[in-house]
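Presented below is the structure to which this report refers.
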Amino acid sequence: MFRRGLNICKNNNGFEIESHYDRILHSCTSLAFLSQIHSILTTTGIIKHSVHLNARVIIKYSDFLHLQSARFVFNATDHESSSFLWNTMLRAYANSGFCSEALEFYSLMRKTGIRPNNYTFPFALKSCADNLLPTYGKLLHSEIIRTGFGSDIYVEAALIDMYAGCDFIQDGRKVFDKMSYRDLVCWTSMITAYEQSEQAETALHLLHQMQQESFCLDWVTAVTVASAIGQLGDARRAQSVHGYAIRHAFFQDLPVVNSILSMYAKCGEVEKAEIIFHQTKQRNTITWNSMLTCYSQNGQASEALALFEQMKISDVNPNQVTALIVVSSCSYLGSQQLATKIHDFIIQNKIETNLTLWNAIMDMYAKCADLDTALRMFQEVPLSHLDVTSWNTLISGYGMHGYGKEALKLFNNMITHGFQPNHVTFTSILSACSHSGLIEEGRNCFSEMEKLCVKKEPKHFACMVDMLGRGGFLDEAYELIKNMSSEPNDEVWGALLLACKIYGNATLGKVAADNLFHLEPQHTGYYVLMSNIYATSRNWQEVGKLRQDMKNKGLRKPAGVSLIEFDNKLHGFHTGEEFNSFTREIYEKVERMVVEIKMVGYVPDLSCVFHDVEEEDKHGMLSYHGEKLALAFGLMNVSDTGLAIRITKNLRVCSDCHLAFKLVSRVYGRKIIVRDVNRFHHFEDGFCSCNDYW
DNA sequence: CTAGGGTTAG
């Protein structure tokens, strides 16, 4: 009935039929419905008479990523005569990301003798950018000039995008400069090109020029500008973009909200990002991910994980990006229970795990003291599918746990299997050697760097200085620094300073410290280290001087926090935690703990106390160290004695706590795993896996 | 009758 009615109509007025179906196709939202319409159009023969409807069906199929059906429609048409349907098919390929198909199709078009026009080139160019084919793009450029379309504004804009996409910003700029007329889109394209290649200042400079030519930003430009300012981390200019967006009512557009949210995140303005996040009622996955990133990038990993719990019960679905952020937050916190939970979530929600995410999960397990799982994941992937990051992750994981020999084996395996190591590989292997005291092996690796074509960077020297310094080769370490080809940085001097602390070498320590105070005057850790060196030699005068120096500069010792997982939650303990009903019990436990380990020979190591306070106060301050509170909490709550008590600390564990933990592990018969900023310590029966070498 | 610039992660 339906069909006959249409046929009657068609006989009366063919044009009306066409626009009728055009409307139906336009509002078509499912592939099944589209196929139905398509078959009606074919059997009635309506489609034969309308080039326009053919084009509409092709585009519609490509919207559903059914390029085969689209191509089928194209092939059935009489397309020899004009370039219109060719352009449509090319558009279908290009806009759906089928870049190589698009380019193949373009060359077929040329071979068939169809002349490209101003509509053809933008689509062909787009496929070069997405496909990173600068050579082909340049070829097209000369063809564009030859065929006389070089000053079509759409073609020029596409050229700029193509060059930008292929990382040839300068060639894009040449096109831009030659344009006789530019509209807002061209300006935005050029500005985006600079922003994407991390030339934020140039991007903003161009924006300024654009405004002088009386163009106003639209919401797309605003997004790009927000991104550029985020790159610079300029909180003042961030505020002004925010204001501009509000004044021009761009805040209706979610992409603008998201880009401003992440701009604030990159400027370290967590509170402002939070306000925007809470004000936004219609959030999408990007909104959530931006806020998660904000927390994770600003050192608030626990907040990120808490937000993730909220996201789970929201109506928005986490994706691969979400997984990456959450996984890296968990790596930072080092909680094994959470690691398993997050991994399960990824599997249950069928989040596609590419190699990047796979490596991140491996890293999470390694940093949550579950090396076995990390290794299993590594072995699950065929060798040919692994990348350098996979190897680096495992090498550094083994290194952190003090398995230097295994790390070296992995490193050698990697070379044997023909993988090209990079700068991260050497940082990992050198620090692995350092943690295990494998000095000779470390020296060998270091000297092999040139042969393996990896440039020696300051951080590699820092690893070497750390390794030699811990091993007691202070002079060799200092010589290495003096012979560096580039200027030694704070990491290098920091490693030397640490070694001087271990060996109580105040003279060399002062050399390192003076360099550090010059390079990083705001970094409190170095003042603390140097004054610890003075404190060890009871040079209270110098300790006082340094402390006054810090006071004058308004510096404070960073707050140490120790995290312990219990009941699927993380509990944080700060040094000098306030006394309340909850902590009272814990303090009492610490007191009992100290009494018990004193019976097996514990003598508090007072050198860890920074301030030169009265001796009896010092005892008090030591027992209030966050890691001791966390340990007491663990002893009270982790009732399964076969289970290790796991603690993560944001600073280095101090030597007093290290000693206390060893003794607690013996007296209480408990395994304790501590991750500090540098490495893992596995305490068991009075010993630590680091062999007191850390 | 067909075209272009955009947000998160790494």
Side-chain angles (χ1 to χ4, degrees), chain A residues 15 18-19 22 26 50-56 58-59 82-92 94-95 117-126 129 149 152-162 164-165 172 176 182-193 195-196 210 215 217-228 230 245 250 253-263 265-266 273 277 280 283-294 296-297 304 316 318-329 351 354-360 363 387 389:
Chain A
F15 189 68
E18 192 179 30
S19 61
D22 184 46
H26 191 74
S50 168
V51 178
H52 180 71
L53 282 179
N54 272 300
R56 185 66 88 187
I58 291 173
I59 292 302
S82 80
S83 45
F84 171 52
L85 281 177
W86 287 89
N87 287 345
T88 309
M89 192 62 223
L90 185 62
R91 170 192 172 191
N95 284 353
N117 61 19
N118 53 328
Y119 288 95
T120 317
F121 289 116
F123 299 129
L125 287 166
K126 186 182 176 146
F149 291 106
D152 179 284
I153 193 164
Y154 284 90
V155 175
E156 288 170 311
L159 277 169
I160 295 171
D161 288 333
M162 182 274 292
F176 180 81
R182 303 180 190 99
D183 65 5
L184 181 61
V185 175
C186 299
W187 280 101
T188 311
S189 285
M190 200 61 236
I191 292 169
T192 307
E195 183 266 315
Q196 297 279 341
M210 181 187 102
F215 283 102
L217 293 79
D218 72 354
W219 70 270
V220 182
T221 325
V223 163
T224 297
V225 170
S227 182
F250 295 154
D253 302 301
L254 198 49
V256 177
V257 175
N258 292 340
S259 67
I260 287 179
L261 177 53
S262 55
M263 169 180 75
K266 287 177 195 149
F277 181 79
T280 309
R283 301 169 188 150
N284 64 9
T285 308
I286 294 180
T287 320
W288 284 92
N289 288 351
S290 302
M291 196 61 226
L292 286 170
T293 309
C294 176
S296 132
Q297 297 282 309
V316 170
N319 64 8
Q320 205 180 56
V321 177
T322 320
L324 261 169
I325 306 164
V326 173
V327 164
S328 83
S329 299
I351 293 177
N354 61 6
L355 191 56
T356 310
L357 183 55
W358 190 266
N359 288 337
D363 189 51
D387 65 2
T389 311

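Values below: all heavy atoms of this structure, side chains included; hydrogens, waters and symmetry mates excluded. Letters go in sequence order (proteins before strands), and every chain restarts at 1.
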Q: Apply the side chain to side chain contact (heavy atoms under 4.5 Å, CB included) test between A/Thr280 and each candidate in A/Asn258, A/Val257, A/Leu261; give the one that qualifies.
A: A/Val257
Q: Check whether the side chains of A/Asn359 and A/Thr356 place a donor and an acceptor atom closer than 3.5 Å, and report yes or no.
A: no
**Q.** Where protein sits on nucleotides 3-10 of chain B, one letter per nucleotide: B base, S sugar-phosphate only, - none, heavy atoms under 4.0 Å
**A.** BBBBBBBS
(Q) Less than 3.5 Å apart, any donor N or O on the side chain of A/Asn319 or A/Thr285 sitting next to an acceptor on the other? (A) no
Q: Among A/Asp22, A/Leu85, A/Thr88, find the residue that satisfies the side chain to side chain contact (heavy atoms under 4.5 Å, CB included) test when tested with A/His52.
A: A/Asp22
Q) ring-ring contact (aromatic ring centres under 6.0 Å, His included) with A/Trp86: which residues, sequence neighbours excluded? A) A/Phe74, A/His79, A/Phe105
